[in-house]
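I have placed the structure first, in the form of C-alpha coordinates, so that the comments after it can refer back to it.
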Amino acid sequence: IFEKNVVNIKANKELIEDSFKKIAHRGNQNIDSHYDDKWALLFKRLKTDSKQIQPYYCKKNNLIIAIDGEIYNQYEISKSFDYFSENINETIGHIYKKKGRNFTSLLNGMFALVIIDLEKKKVIVSKDKLGLKPLFYYQDNDKFIFSSEIKAIGHYIGGLQIDYENSINSIFMAGRPPYGKTHFKKVNDLEQSSLIELDMSIFKIRLEKYFDISEWIDENKYNYNKKVNQNDLAQIYYDAFHNIIKNYMNTDISVGNLFS
(Lines give C-alpha, C1' and ligand atoms only; values in the text may rest on other atoms or scores of the structure.)
Protein backbone atom coordinates (compact mmCIF):
# COMPACT_ATOMS: atom_id res chain seq x y z
CA ILE A 1 0.00 0.00 0.00
CA PHE A 2 1.41 3.39 -1.02
CA GLU A 3 -0.35 6.58 0.03
CA LYS A 4 0.64 9.97 -1.38
CA ASN A 5 -1.11 12.27 1.07
CA VAL A 6 -0.81 10.57 4.46
CA VAL A 7 1.51 11.88 7.17
CA ASN A 8 2.10 8.44 8.69
CA ILE A 9 0.47 5.36 7.25
CA LYS A 10 0.73 3.60 10.62
CA ALA A 11 -2.36 5.58 11.58
CA ASN A 12 -4.19 3.13 9.29
CA LYS A 13 -2.41 0.08 10.72
CA GLU A 14 -5.56 -1.59 12.04
CA LEU A 15 -7.34 -1.19 8.70
CA ILE A 16 -4.27 -2.39 6.80
CA GLU A 17 -3.94 -5.55 8.89
CA ASP A 18 -7.70 -6.26 8.74
CA SER A 19 -7.49 -5.95 4.95
CA PHE A 20 -4.53 -8.30 4.79
CA LYS A 21 -6.36 -10.91 6.86
CA LYS A 22 -8.75 -11.30 3.92
CA ILE A 23 -5.96 -13.10 2.02
CA ALA A 24 -3.99 -14.56 4.94
CA HIS A 25 -5.01 -18.06 3.82
CA ARG A 26 -2.45 -17.80 0.99
CA GLY A 27 0.48 -18.54 3.34
CA ASN A 28 1.37 -20.89 6.19
CA GLN A 29 3.94 -18.73 8.01
CA ASN A 30 3.64 -15.71 10.31
CA ILE A 31 2.65 -12.34 8.86
CA ASP A 32 5.68 -10.14 8.21
CA SER A 33 5.20 -6.40 7.83
CA HIS A 34 7.27 -3.34 6.98
CA TYR A 35 5.99 0.21 7.58
CA ASP A 36 7.34 3.55 6.44
CA ASP A 37 5.70 6.98 6.60
CA LYS A 38 3.79 6.60 3.34
CA TRP A 39 3.79 2.88 2.60
CA ALA A 40 3.24 -0.52 4.14
CA LEU A 41 4.21 -4.00 2.90
CA LEU A 42 2.62 -7.11 4.41
CA PHE A 43 3.50 -10.66 3.42
CA LYS A 44 2.49 -14.14 4.54
CA ARG A 45 4.76 -16.73 3.07
CA LEU A 46 3.86 -20.18 1.78
CA LYS A 47 7.03 -21.99 2.80
CA THR A 48 8.63 -24.21 0.17
CA ASP A 49 12.31 -23.78 1.06
CA SER A 50 13.75 -23.33 4.55
CA LYS A 51 16.67 -21.23 3.23
CA GLN A 52 14.51 -18.45 1.85
CA ILE A 53 13.47 -15.37 3.82
CA GLN A 54 10.34 -13.49 2.72
CA PRO A 55 10.23 -10.53 2.64
CA TYR A 56 13.94 -9.81 2.77
CA TYR A 57 15.71 -6.59 3.72
CA CYS A 58 19.00 -6.31 1.83
CA LYS A 59 21.09 -3.91 3.91
CA LYS A 60 23.95 -3.84 1.43
CA ASN A 61 21.79 -2.55 -1.42
CA ASN A 62 19.11 -0.86 0.73
CA LEU A 63 16.31 -2.93 -0.81
CA ILE A 64 13.24 -4.73 0.47
CA ILE A 65 12.39 -7.73 -1.72
CA ALA A 66 9.39 -10.07 -1.56
CA ILE A 67 8.60 -12.95 -3.90
CA ASP A 68 5.35 -14.88 -4.16
CA GLY A 69 6.32 -18.01 -6.06
CA GLU A 70 9.52 -19.68 -7.19
CA ILE A 71 12.54 -18.80 -9.33
CA TYR A 72 13.75 -21.97 -11.07
CA ASN A 73 16.99 -20.74 -12.63
CA GLN A 74 18.52 -19.28 -9.48
CA TYR A 75 21.80 -21.14 -9.79
CA GLU A 76 22.19 -20.42 -13.50
CA ILE A 77 21.81 -16.67 -13.07
CA SER A 78 24.01 -16.73 -9.97
CA LYS A 79 26.74 -18.36 -12.02
CA SER A 80 26.39 -15.90 -14.90
CA PHE A 81 26.78 -12.95 -12.51
CA ASP A 82 29.46 -14.69 -10.42
CA TYR A 83 27.37 -14.12 -7.29
CA PHE A 84 26.39 -17.08 -5.15
CA SER A 85 23.85 -17.06 -2.35
CA GLU A 86 21.35 -19.65 -1.15
CA ASN A 87 18.88 -16.81 -0.63
CA ILE A 88 17.24 -15.94 -3.95
CA ASN A 89 16.35 -12.48 -2.66
CA GLU A 90 20.04 -11.61 -2.25
CA THR A 91 20.70 -12.82 -5.79
CA ILE A 92 17.83 -10.76 -7.18
CA GLY A 93 19.02 -7.70 -5.26
CA HIS A 94 22.48 -8.07 -6.77
CA ILE A 95 21.13 -8.49 -10.32
CA TYR A 96 18.74 -5.56 -9.88
CA LYS A 97 21.64 -3.29 -8.94
CA LYS A 98 23.52 -4.43 -12.05
CA LYS A 99 20.66 -4.47 -14.58
CA GLY A 100 17.98 -2.16 -13.19
CA ARG A 101 14.32 -3.01 -13.73
CA ASN A 102 15.22 -5.10 -16.80
CA PHE A 103 16.51 -7.85 -14.49
CA THR A 104 13.10 -9.57 -14.63
CA SER A 105 13.71 -10.76 -18.20
CA LEU A 106 16.46 -13.03 -16.83
CA LEU A 107 14.19 -14.86 -14.39
CA ASN A 108 12.61 -18.23 -15.15
CA GLY A 109 9.82 -19.23 -12.83
CA MET A 110 6.29 -18.58 -11.63
CA PHE A 111 6.29 -15.48 -9.49
CA ALA A 112 4.96 -12.10 -8.55
CA LEU A 113 7.60 -9.96 -6.92
CA VAL A 114 8.18 -6.51 -5.50
CA ILE A 115 11.37 -4.57 -4.94
CA ILE A 116 11.29 -1.42 -2.83
CA ASP A 117 14.41 0.59 -3.61
CA LEU A 118 14.77 2.77 -0.51
CA GLU A 119 17.71 4.69 -1.95
CA LYS A 120 16.09 5.66 -5.28
CA LYS A 121 12.59 5.83 -3.76
CA LYS A 122 11.25 3.53 -6.43
CA VAL A 123 9.10 0.40 -6.37
CA ILE A 124 9.21 -2.40 -8.94
CA VAL A 125 6.23 -4.76 -9.11
CA SER A 126 6.58 -7.57 -11.64
CA LYS A 127 4.94 -10.75 -12.87
CA ASP A 128 6.44 -13.85 -14.50
CA LYS A 129 6.59 -14.33 -18.26
CA LEU A 130 3.46 -16.51 -18.46
CA GLY A 131 1.50 -14.74 -15.74
CA LEU A 132 1.07 -17.83 -13.58
CA LYS A 133 0.87 -15.94 -10.28
CA PRO A 134 -2.02 -13.55 -9.55
CA LEU A 135 -1.27 -9.87 -8.95
CA PHE A 136 -3.85 -7.09 -8.94
CA TYR A 137 -3.35 -3.38 -8.44
CA TYR A 138 -5.49 -0.36 -7.63
CA GLN A 139 -4.54 3.14 -8.68
CA ASP A 140 -6.06 6.57 -8.14
CA ASN A 141 -4.64 10.05 -7.62
CA ASP A 142 -3.20 9.36 -4.19
CA LYS A 143 -3.12 5.58 -3.72
CA PHE A 144 -1.32 2.64 -5.28
CA ILE A 145 -2.17 -0.77 -3.85
CA PHE A 146 -1.21 -4.23 -5.07
CA SER A 147 -2.34 -7.60 -3.77
CA SER A 148 -2.59 -11.28 -4.68
CA GLU A 149 -6.37 -11.04 -4.35
CA ILE A 150 -8.81 -8.21 -5.00
CA LYS A 151 -10.73 -8.65 -1.74
CA ALA A 152 -7.89 -7.11 0.30
CA ILE A 153 -7.88 -4.01 -1.91
CA GLY A 154 -11.65 -3.66 -1.65
CA HIS A 155 -11.61 -3.87 2.13
CA TYR A 156 -8.90 -1.21 2.45
CA ILE A 157 -10.56 1.40 0.22
CA GLY A 158 -14.03 0.75 1.63
CA GLY A 159 -15.59 -1.13 -1.26
CA LEU A 160 -15.32 -1.50 -5.02
CA GLN A 161 -17.50 -0.32 -7.88
CA ILE A 162 -18.40 -2.81 -10.60
CA ASP A 163 -17.03 -1.94 -14.02
CA TYR A 164 -20.02 -2.96 -16.12
CA GLU A 165 -18.27 -2.19 -19.39
CA ASN A 166 -15.60 -4.80 -18.66
CA SER A 167 -17.88 -7.21 -16.78
CA ILE A 168 -21.26 -8.04 -18.24
CA ASN A 169 -20.34 -8.16 -21.93
CA SER A 170 -17.03 -9.92 -21.41
CA ILE A 171 -18.51 -12.62 -19.17
CA PHE A 172 -20.93 -13.69 -21.92
CA MET A 173 -18.50 -13.18 -24.79
CA ALA A 174 -15.24 -14.54 -23.35
CA GLY A 175 -15.93 -15.75 -19.82
CA ARG A 176 -13.49 -13.24 -18.32
CA PRO A 177 -12.65 -9.53 -18.35
CA PRO A 178 -10.37 -8.14 -21.08
CA TYR A 179 -6.69 -8.78 -20.45
CA GLY A 180 -5.30 -6.38 -17.86
CA LYS A 181 -8.79 -5.52 -16.56
CA THR A 182 -11.02 -6.84 -13.78
CA HIS A 183 -14.73 -6.60 -12.99
CA PHE A 184 -14.04 -3.57 -10.78
CA LYS A 185 -13.25 0.05 -11.56
CA LYS A 186 -9.66 1.19 -11.02
CA VAL A 187 -8.56 -2.40 -10.23
CA ASN A 188 -6.31 -3.93 -12.88
CA ASP A 189 -4.79 -7.36 -13.39
CA LEU A 190 -1.06 -7.08 -14.01
CA GLU A 191 -0.51 -9.02 -17.22
CA GLN A 192 2.16 -11.63 -17.88
CA SER A 193 5.66 -10.35 -18.69
CA SER A 194 4.76 -6.94 -17.26
CA LEU A 195 6.20 -4.68 -14.60
CA ILE A 196 5.16 -1.50 -12.86
CA GLU A 197 7.65 1.10 -11.69
CA LEU A 198 6.40 3.56 -9.07
CA ASP A 199 8.46 6.68 -8.44
CA MET A 200 7.53 7.46 -4.84
CA SER A 201 9.06 10.94 -4.95
CA ILE A 202 6.54 12.20 -7.55
CA PHE A 203 3.98 9.38 -7.27
CA LYS A 204 4.22 8.55 -10.95
CA ILE A 205 3.55 5.04 -12.27
CA ARG A 206 5.06 3.47 -15.36
CA LEU A 207 3.71 0.21 -16.84
CA GLU A 208 5.71 -1.74 -19.40
CA LYS A 209 6.24 -5.16 -20.98
CA TYR A 210 9.68 -6.64 -20.38
CA PHE A 211 9.30 -9.77 -22.51
CA ASP A 212 7.42 -11.05 -25.56
CA ILE A 213 6.70 -14.75 -25.97
CA SER A 214 7.88 -14.54 -29.60
CA GLU A 215 11.42 -14.35 -28.16
CA TRP A 216 11.07 -18.05 -27.29
CA ILE A 217 10.39 -18.99 -30.91
CA ASP A 218 13.44 -20.21 -32.77
CA GLU A 219 12.59 -20.59 -36.45
CA ASN A 220 15.73 -22.63 -37.20
CA LYS A 221 14.96 -25.08 -34.40
CA TYR A 222 11.35 -25.33 -35.54
CA ASN A 223 12.39 -26.15 -39.10
CA TYR A 224 14.94 -28.69 -37.82
CA ASN A 225 12.39 -30.43 -35.60
CA LYS A 226 9.97 -30.76 -38.54
CA LYS A 227 12.51 -33.05 -40.21
CA VAL A 228 13.24 -35.18 -37.12
CA ASN A 229 11.69 -38.66 -36.95
CA GLN A 230 9.06 -39.38 -34.31
CA ASN A 231 11.32 -41.34 -31.96
CA ASP A 232 13.95 -38.61 -31.86
CA LEU A 233 11.27 -35.96 -31.44
CA ALA A 234 9.84 -37.89 -28.50
CA GLN A 235 13.32 -37.98 -26.94
CA ILE A 236 13.71 -34.22 -27.40
CA TYR A 237 10.38 -33.70 -25.66
CA TYR A 238 11.29 -36.14 -22.87
CA ASP A 239 14.64 -34.41 -22.21
CA ALA A 240 13.01 -30.97 -22.11
CA PHE A 241 10.22 -32.18 -19.80
CA HIS A 242 12.72 -33.94 -17.53
CA ASN A 243 14.85 -30.81 -17.19
CA ILE A 244 11.81 -28.69 -16.37
CA ILE A 245 10.65 -31.04 -13.60
CA LYS A 246 14.20 -31.26 -12.24
CA ASN A 247 14.36 -27.48 -11.94
CA TYR A 248 10.91 -27.34 -10.32
CA MET A 249 12.02 -29.72 -7.56
CA ASN A 250 14.61 -27.30 -6.22
CA THR A 251 13.41 -27.53 -2.61
CA ASP A 252 14.43 -29.10 0.68
CA ILE A 253 10.92 -30.07 1.81
CA SER A 254 8.70 -32.98 0.77
CA VAL A 255 7.47 -33.06 -2.82
CA GLY A 256 4.16 -34.53 -3.94
CA ASN A 257 2.85 -35.34 -7.42
CA LEU A 258 -0.78 -35.09 -8.50
CA PHE A 259 -1.81 -36.68 -11.79
CA SER A 260 -5.20 -35.78 -13.20
Side-chain angles (χ1 to χ4, degrees), residues 26-28 45-52 54 66-92 94-96 98-99 101-113 125-136 148-149 170 173-180 189-195 208-260:
R26 296 187 63 86
N28 57 13
R45 181 185 172 208
L46 179 63
K47 186 176 180 180
T48 58
D49 190 331
S50 62
K51 299 186 290 294
Q52 306 304 334
Q54 301 287 352
I67 304 172
D68 176 23
E70 297 291 332
I71 308 297
Y72 300 129
N73 64 334
Q74 175 182 352
Y75 296 107
E76 288 82 356
I77 57 178
S78 295
K79 186 177 180 180
S80 64
F81 282 87
D82 196 25
Y83 183 87
F84 295 92
S85 171
E86 290 188 336
N87 189 333
I88 183 59
N89 300 68
E90 286 186 348
T91 304
I92 286 176
H94 178 79
I95 297 171
Y96 167 75
K98 293 282 188 181
K99 301 285 290 185
R101 65 176 181 269
N102 295 325
F103 79 98
T104 46
S105 63
L106 303 174
L107 303 180
N108 176 21
M110 51 181 293
F111 61 85
L113 66 81
V125 182
S126 182
K127 205 171 184 180
D128 65 71
K129 293 172 181 173
L130 296 179
L132 299 174
K133 280 291 182 177
L135 190 62
F136 303 94
S148 297
E149 294 186 26
S170 62
M173 296 295 292
R176 54 152 295 155
Y179 285 106
D189 180 3
L190 186 62
E191 293 187 64
Q192 69 274 13
S193 307
S194 296
L195 67 81
E208 65 181 49
K209 283 273 191 179
Y210 67 83
F211 176 81
D212 190 282
I213 198 167
S214 63
E215 297 177 35
W216 276 342
I217 300 173
D218 186 330
E219 186 176 355
N220 292 329
K221 183 178 288 186
Y222 175 78
N223 290 330
Y224 171 80
N225 287 340
K226 285 201 302 184
K227 301 174 184 178
V228 173
N229 64 59
Q230 288 189 348
N231 289 336
D232 290 340
L233 196 60
Q235 186 63 46
I236 291 171
Y237 174 83
Y238 174 83
D239 292 340
F241 187 78
H242 176 80
N243 288 333
I244 290 170
I245 298 301
K246 183 179 179 181
N247 289 335
Y248 283 14
M249 294 177 65
N250 181 26
T251 179
D252 59 3
I253 64 175
S254 299
V255 176
N257 291 322
L258 175 62
F259 295 95
S260 174

Do the ring planes of Tyr96 and Phe103 sit parallel (below 30°), tilted (30 to 60°) or perpendicular (above 60°)? perpendicular
Residue pair Pro134 / Ser148: nearest heavy atoms and the distance that separates them: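 For Pro134 and Ser148, the tightest heavy-atom pair comes out as CB-O, 3.6 Å.
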Looking only at heavy atoms, the pair that brings Thr91 and Ser78 closest together is CG2-OG, 3.4 Å
Applying side chain to side chain contact (heavy atoms under 4.5 Å, CB included), run through Ile77 and Ile92 and close with a yes or a no. CA-CA 9 Å; Ile77 57 178; Ile92 286 176; 5.6 Å; no
What is the distance from atom [atom1] of [X] to atom [atom2] of [Y], rounded to the nearest 0.5 Å?
{"X": "Gln192", "Y": "Lys127", "atom1": "CD", "atom2": "NZ", "value": "7.5 Å"}
{"X": "Glu90", "Y": "His94", "atom1": "CD", "atom2": "NE2", "value": "11.0 Å"}
{"X": "Asn225", "Y": "Ile236", "atom1": "CG", "atom2": "CD1", "value": "4.5 Å"}
{"X": "Tyr75", "Y": "Ser85", "atom1": "OH", "atom2": "OG", "value": "9.0 Å"}
{"X": "Asn87", "Y": "Gln74", "atom1": "CG", "atom2": "CD", "value": "7.5 Å"}

Evaluate side chain to side chain contact (heavy atoms under 4.5 Å, CB included) for Asp128 paired with Leu107, printing each intermediate quantity in order. CA-CA 8 Å; Asp128 65 71; Leu107 303 180; over 6 Å; no
For Phe84, look at atom CZ and say whether over 12 heavy atoms of other residues, nucleotides or ligands are found less than 6.0 Å away. yes
Evaluate whether atom OH of Tyr224 has more than 12 neighbouring non-hydrogen atoms of other residues, nucleotides or ligands under 6.0 angstrom away.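 It does not: Tyr224 OH has 12 such atoms or fewer within range.
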Under a 3.5 Å threshold, yes or no: a donor from one side chain and an acceptor from the other, between Gln235 and Asn231?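 Side-chain D/A pair, Gln235 to Asn231: absent.
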Can you pull the salt bridge (Lys or Arg N to Asp or Glu O under 4.0 Å) pairs that have at least one residue in residues 208-221, sequence neighbours excluded? Arg101-Glu208, Arg206-Glu208
Could you tell me whether the side chain of Asn73 and the main chain of Asn108 form a donor-acceptor pair under 3.5 Å?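 Yes.
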